[in-house]
Amino acid sequence: MRSRHPVSVKVCGLTREQDVGLCLGLGGDFRGFICVPGSPGRIWREEAAAVPAGKAKRVCVFAAPSIEEVVDVMKEAKLDFAQLHGGESVEYCNLLGAERVIRAFWPQRIARDLLAGSNGAVKDGPEESDVFAAAFAQKMHETCEPFADACAFFLMDSGLGGGGSGLAQNWDLFKDFSSPRPWLLAGGIGPDNARAAVEACGPGGLDCNSGVEQAPGIKDEHKLRKLMANLNTIKSGAIR
């Protein structure tokens, strides 16, 4: 898919028809809905199904449901992609259909485990250590590589698991990372840091939620417009 912007943009946590319309009007590439019980901004499959059609792809976030449940929701809500945040296996992704899967990974968990296993060999923070950056890039590749043929896209989320932390990541972690699939960056992305995130990490897309909200599930028109305007001033390789 060709983005109208230098990077592709996914706006997640949509609950209102007017916000969906705004995203479409501004050139958003993915419309994201949350189907995880207990999550802020969660909507029901019937609500997702009622969202007006448009050029932007329809994505729903899941966390470890059965294959049958995901297939049912995707069919009823007319979804293009299932975004999986439950640590689903390669086999799970293949059963669902690689062309329909966005699989989440948690770089901060990998960084934490590397530091814990270094036995003091890495004393500086990740951003100060070239040795750590190289080790992180290798471990990230090893973690993601098995899913290269089982997913359409990867999503690099903040936090140590699940989703929706709303916290920005340490973008310096990605300086040596080469992904085997196109990927989106998530975690506290908003109008004031989107450009810096793209320039630091070089993702094919950004996944924005709380950084463009007034309240959970309620998007802020000014923030969304500013985000898109700021992204138009940079150059990067958008997801195709």
Got [X] and [Y] here, is their nearest side-chain heavy-atom distance under 4.5 Å?
X: L206; Y: L184; value: no
X: I34; Y: I43; value: no
X: L160; Y: W106; value: no
X: F177; Y: M156; value: yes
X: V7; Y: V198; value: yes
X: L115; Y: F132; value: yes
X: R225; Y: L22; value: yes
X: M140; Y: L173; value: no

Atom of [X], atom of [Y] and distance for their closest heavy-atom approach:
X: L24; Y: K55; result: CD2-N, 4.2 Å
X: C35; Y: V73; result: SG-CG1, 4.3 Å
X: P65; Y: E88; result: CD-OE2, 4.1 Å
X: A197; Y: L185; result: CB-CD2, 3.8 Å
X: V101; Y: F81; result: N-CD2, 4.1 Å
X: Y92; Y: V70; result: OH-CG2, 3.4 Å

Check ion pair K10-D207 (N to O, under 4.0 angstrom):
yes

Check this for me: does any side-chain nitrogen of one of D130 and K175 sit under 4.0 Å from a carboxylate oxygen of the other?
yes

Please report the C-alpha distance between I102 and L84 in whole Å, then the side-chain angles of each, then the deciding distance to 0.1 Å, and finally whether the side-chain contact (heavy atoms from CB on, under 4.5 Å) criterion is met.
CA-CA 6 Å; I102 301 173; L84 304 178; over 6 Å; no

[Y] backbone acceptor or donor facing [X] side chain under 3.5 Å:
X: D80; Y: K57; answer: no
X: N193; Y: A196; answer: no
X: D157; Y: A186; answer: no
X: R58; Y: L79; answer: no
X: S158; Y: L167; answer: yes
X: S66; Y: E69; answer: yes
X: T15; Y: G217; answer: yes
X: Q83; Y: F62; answer: no
X: N230; Y: P191; answer: yes

If you measure from [atom1] on [X] to [atom2] on [Y], what distance do you get to the nearest 0.5 Å?
X: Q214; Y: E221; atom1: CD; atom2: CD; value: 9.5 Å
X: N209; Y: E213; atom1: CG; atom2: CD; value: 4.5 Å
X: E76; Y: K78; atom1: CD; atom2: NZ; value: 9.5 Å
X: L227; Y: I189; atom1: CG; atom2: CD1; value: 9.0 Å

Should the SG-SG distance of C208 and C12 be recorded as below 2.5 Å?
no

Look at the rings of W183 and F174 and say which category their plane angle falls in: under 30° parallel, 30 to 60° tilted, over 60° perpendicular.
parallel

What pairs of donor and acceptor atoms, side-chain ones from residues 142-149 against any protein atom, are under 3.5 angstrom apart with sequence neighbours left out?
residue	atom	partner	partner atom	Å
E142	OE2	Q138	NE2	3.1
T143	OG1	K139	O	2.8
E145	OE1	H141	NE2	3.4

Ring centers of F30, F153 separated by less than 6.0 Å
yes

Walk me through it: do V212 and K226 pass the test side-chain contact (heavy atoms from CB on, under 4.5 Å)?
CA-CA 9 Å; V212 291; K226 185 178 179 182; over 6 Å; no

Are L155 and V61 grouped together when hydrophobic residues (ILVMFWY) are joined by side-chain heavy atoms under 4.5 angstrom apart?
no

Determine, stepwise, if the pair C93 / C151 fulfils disulfide bond (SG atoms under 2.5 Å apart).
CA-CA 7 Å; C93 296; C151 304; 4.2 Å; no

Could you check R42 against V36 for side-chain contact (heavy atoms from CB on, under 4.5 Å), going step by step and ending with a plain yes or no?
CA-CA 6 Å; R42 183 223 179 144; V36 180; 5.8 Å; no

Checking side-chain contact (heavy atoms from CB on, under 4.5 Å) for the pair C23/L14: CA distance, chi angles, key distance, verdict?
CA-CA 10 Å; C23 291; L14 293 166; 4.0 Å; yes

So if I apply the side-chain contact (heavy atoms from CB on, under 4.5 Å) rule between V51 and each of R31, E17, R16, which one comes out positive?
R31

